[in-house]
Amino acid sequence: MLNPIDTAAVVRDGGAVGQYPGQIHEGVAWWLGACQVVTLRASRLAVAHDGHPLSATFADRLCSGAINAQHYACSVRHLGPQPEPDLLASMNDHHRAPGAWVSTEDAGGITTVRIRLYGPDGALLDDDTGLAAIRSLITEDRVPIPVNDQAKGTIEACHPLRSGGRP
């Protein structure tokens, strides 16, 4: 594995969280996207972020991982910067698709990136609903890769109205 992480420390609390740089890097988002699609057998995924530039980078990498997950040809709806409740509403509108929300916090010179992974029911993943399987795939360096070009999914840039009807 290139650029390994401490999966027990990072892949937790409904997704992944860690200081950047150091505990977490952009590759982790790619791994999470691919592993979430395969673990949940997802043909669709909704992704959004809080608007922080680092969150946008991590969200883009997560989308890339999701469309390159084995034979699933996942259709990713990239919502861009959206409040987390709008992501959850979009997941429901997108035929109960699983989702991921990326946020970044800068506090006292420390940057922390959090990636929250949701199942099709709108609940955060936990060890019983897929997080343990995702952690295991990453730990064992078995992150899914595409089987061929025909199995590659697509990313749809979709920016719905934000809460309160603001574009």
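No hydrogens, no waters, no symmetry mates; every other heavy atom, side chains included, goes into these values.
- Remark: R44 pairs with no residue by the salt bridge (Lys or Arg N to Asp or Glu O under 4.0 Å) rule, at least two apart or across chains.
- Taking the six-membered ring for Trp and the full ring otherwise, W30 and H25 have centroids separated by 6.0 Å or more.
- Tested against Y20 for a side-chain contact (heavy atoms from CB on, under 4.5 Å), the candidates T104, V113, I110 yield a single pass: V113.
- Between the side chain of T39 and the backbone N or O of C35 there is at least one donor-acceptor pair closer than 3.5 Å.
- For the pair L88 and W101, the minimum side-chain heavy-atom distance is 4.5 Å or more.
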Exercise. Passes side chain to side chain donor-acceptor pair (under 3.5 Å), S90 versus D93? Steps please.
Worked result: CA-CA 5 Å; S90 181; D93 293 345; 5.7 Å; no
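- Rounding to the nearest 0.5 Å places CZ of R114 at 11.5 Å from CG of D50.
- Residues A66 and L45 approach most closely at CB-CD2, 3.7 Å, considering heavy atoms.
- Residue V76 forms a side-chain contact (heavy atoms from CB on, under 4.5 Å) with just one option from T154, V37, I67, and that option is I67.
- Within the model, atoms OG1 of T7 and CG of D141 stand 11.0 Å from one another, a figure rounded to the nearest 0.5 Å.
- Contact annotation: the side chain of V47 never approaches that of L79 to less than 4.5 Å [non-hydrogen atoms, C-beta and beyond].
- Put simply, the side chain of L124 does not reach to within 4.5 Å of the side chain of L117, judged on heavy atoms.
- The shortest non-hydrogen separation linking P120 to L40 is CD-CD1, 4.4 Å.
- Comment: E84 engages R116 in a salt bridge, judged by a side-chain N to carboxylate O separation of less than 4.0 angstrom.
- No donor-acceptor distance shorter than 3.5 angstrom exists from the side chain of R61 to the backbone of F58, with no hydrogens or angles considered.
- Side-chain atoms of T139 come within 3.5 Å of backbone atoms of R135 as a donor-acceptor pair (strictly under, hydrogens ignored).
- Residues satisfying the side-chain hydrogen bond (donor to acceptor under 3.5 Å, both in side chains) criterion with T111, sequence neighbours excluded, are D106.
- Taking hydrophobic clusters as Ile, Leu, Val, Met, Phe, Trp and Tyr residues chained together by side-chain heavy-atom distances below 4.5 Å, Y118 does not share a cluster with V17.
- Taken from CG in L137 to CG in L32, the straight-line distance is 10.5 Å, to the nearest 0.5 Å.
- Here D126 contributes atom CG and R12 contributes atom CZ; the two are 15.0 Å apart, rounded to the nearest 0.5 Å.
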Problem set entry | side chain to side chain contact (heavy atoms under 4.5 Å, CB included) between Q19 and I24, worked out | CA-CA 6 Å; Q19 290 180 8; I24 195 168; over 6 Å; no
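- The two residues A69 and V38 have their closest heavy-atom pair at CB-CG2, 3.8 Å.
- Considering every non-hydrogen atom in both S64 and I155, the closest pair reads N-CD1, 4.2 Å.
- The shortest side-chain heavy-atom distance between N68 and I145 does not fall under the 4.5 Å cut-off.
- Considering all non-hydrogen atoms of both residues, M91 and G119 come closest at CE-O, 3.4 Å.
- Scanning all heavy atoms of the two residues, the minimum distance from P98 to A42 falls at CG-CB, 3.9 Å.
- In this structure, Q36 contributes its side chain and G99 its backbone to a donor-acceptor pair below 3.5 Å.
- Between atom NE2 of residue H49 and atom OG of residue S103 there is a gap of 11.5 Å, rounded to the nearest 0.5 Å.
- Put simply, the side chain of D6 does not reach to within 4.5 Å of the side chain of Q23, judged on heavy atoms.
- Looking only at distances, no side-chain donor or acceptor of D86 sits under 3.5 Å from a matching main-chain atom of Q82.
- For the pair T129/D121, no side-chain contact is recorded, criterion being any heavy-atom separation below 4.5 Å from C-beta on.
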